[in-house]
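Chain naming here is simple, since letters A, B, ... match the order of the sequence lines and numbering starts at 1 in each.
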Protein chains: 2
Amino acid sequence: MTRLDTLAPAGREPATAAACCALAKTPVSVAESERLAPIFKALGDPVRLRLASLIAAAPEVCVCEISPLFELSSGTISHHLKTLREAGLVGSERRGTYVFYWIEPEVLGSLSALLAVDCC
Amino acid sequence: MTRLDTLAPAGREPATAAACCALAKTPVSVAESERLAPIFKALGDPVRLRLASLIAAAPEVCVCEISPLFELSSGTISHHLKTLREAGLVGSERRGTYVFYWIEPEVLGSLSALLAVDCC
DNA sequence: TCCTTGTCTTGATGAATGTCGAAACAACAG
DNA sequence: CTGTTGTTTCGACATTCATCAAGACAAGGA
C-alpha cells in the first residue's frame, strides 16, 4: 500500500437527471421497482453501506486502503464491491497493481430524489 | 373493501432532522451502518418498494386496497408490511375491521438527505 | 351465538446471501 | 523467469429470505 499518490486519477463525466419525489407522487411501476430494488438492496448491508460511504468520501479509493478497515477476508470485500459495482453505485478501474473505486453520484442522486419528500 | 371513507384518519406528528450529504462527507460509522442498512434492505425488494410507494402516494392506505394489486398471498403481503414497519418506514393502525398504513416521511427524508450529493 | 371477512402468525421449503479458505489472475521487482 | 503483493474468482457452508398454505385472531353483522 505505497505511493498511491503517484497514480493520477482519470476524468469522470457528469450526470443524468432523476424524477423528484417520485416515490410519493406516483406509485413506482413494477418495472421500476425491479430496476430500483437491487440498488437499495446493495446498500442494505452494513459492510456495503460503509464501503459505499468510504468510497463516496473521496474522489476515488484504492481497495488496499479499504480492506484493512474491515475484519473480513479480501475475498469477501471483493464480493461486496462487486455487488456495489453491479448495482451501478460505484465504478472501478485497475491502474497498475492497484484497483481504484469511485462513487457514481448520479445513481446516488437519483435515489435521493426518489426518496425526497416535499421537495416540489 | 367498502365505505373506507367513513373511517376518519388520525393525526400524525412532524419530523426529526437529518444530516445532509452524510454519506459523502464523513464515512458512516459501524454503528450507523448497522442502523441504516436494515432500512435500505427493507426497500431492497421490488414488492416492498412498490408497497412503500403505494403507501407514500396517499395520506394512508388500507391493506385491503393494496393486496389486490399484487399476485401474492395475504400472508406474504402482511410479512412485507411487517418488514417495512420494523424498519420504521411505515406506521399502521387498526380501525375496526381494516388496518391502515401510512408512510413515515422523516425516515424517508433522512435517507434522502444521506444520499444527497452536492446539497451543501 | 355463529358466520363472514380482513389481517396476522406459524411452520415449511427452495432460493439467495454473507462468509471463509484456497486457488487463480495481474502487475511488477529482482 | 521467478517470487511477491494486490485483487478477484471459485467451491463450500450456514444463515437469511420470499413465498405459500393453513391456521389463528379481530371485528362486525345475521
Would you mind reporting whether B:Leu49 and B:Pro46 have side-chain heavy atoms less than 4.5 Å apart? no
Is there a side chain to side chain donor-acceptor pair (under 3.5 Å) between B:Ser112 and A:Ser112 once you walk through the steps? CA-CA 4 Å; B:Ser112 175; A:Ser112 176; 3.3 Å; yes
Who pairs with A:Arg50 by side chain to side chain donor-acceptor pair (under 3.5 Å), at least two apart in sequence or on another chain? none
Check each residue of residues 72-87 of chain A for a non-hydrogen atom within less than 4.0 Å of any atom in DNA chain C, then write out the ones that pass by number, or none. A:Leu72, A:Ser73, A:Thr76, A:His79, A:His80
Starting at CD of A:Glu65 and ending at C1' of D:dG6, how long is that distance when rounded to a whole Å? 13 Å
Quick one: closest heavy-atom pair of A:Arg35 and A:Ile39, and the distance? O-CG1, 3.8 Å
So do the side chains of B:Tyr101 and B:Val63 get within less than 4.5 Å of each other, counting heavy atoms only? yes
Rounded to whole Å, CD of B:Glu93 lies from P of C:dC8 at a distance of 13 Å
Is the phosphate of D:dT8, meaning OP1 or OP2, less than 4.0 Å from a side-chain N or O of A:Tyr98? no
Write down the distance between CG (B:Leu51) and P (D:dA18), rounded to a whole number of angstrom. 12 Å
Answer with base, sugar-phosphate or nothing: what part of the nucleic acid does A:Phe70 contact at a heavy-atom distance below 4.0 Å? nothing
Let me know the distance between CD1 of A:Ile66 and P of D:dT7, rounded to the nearest Å. 9 Å
With a 4.5 Å heavy-atom cut-off, do A:Pro105 and A:Ile103 have their side chains touching? yes
Strand-adjacent residues in residues 36-48 of chain B, judged by heavy atoms under 4.0 Å from DNA chain D: B:Lys41, B:Asp45, B:Arg48
Determine, for A:Glu104 against A:Arg85, whether the closest basic-nitrogen to carboxylate-oxygen distance falls under 4.0 angstrom. no
So do B:Arg48 and B:Thr83 actually touch side chain to side chain, heavy atoms under 4.5 Å? yes
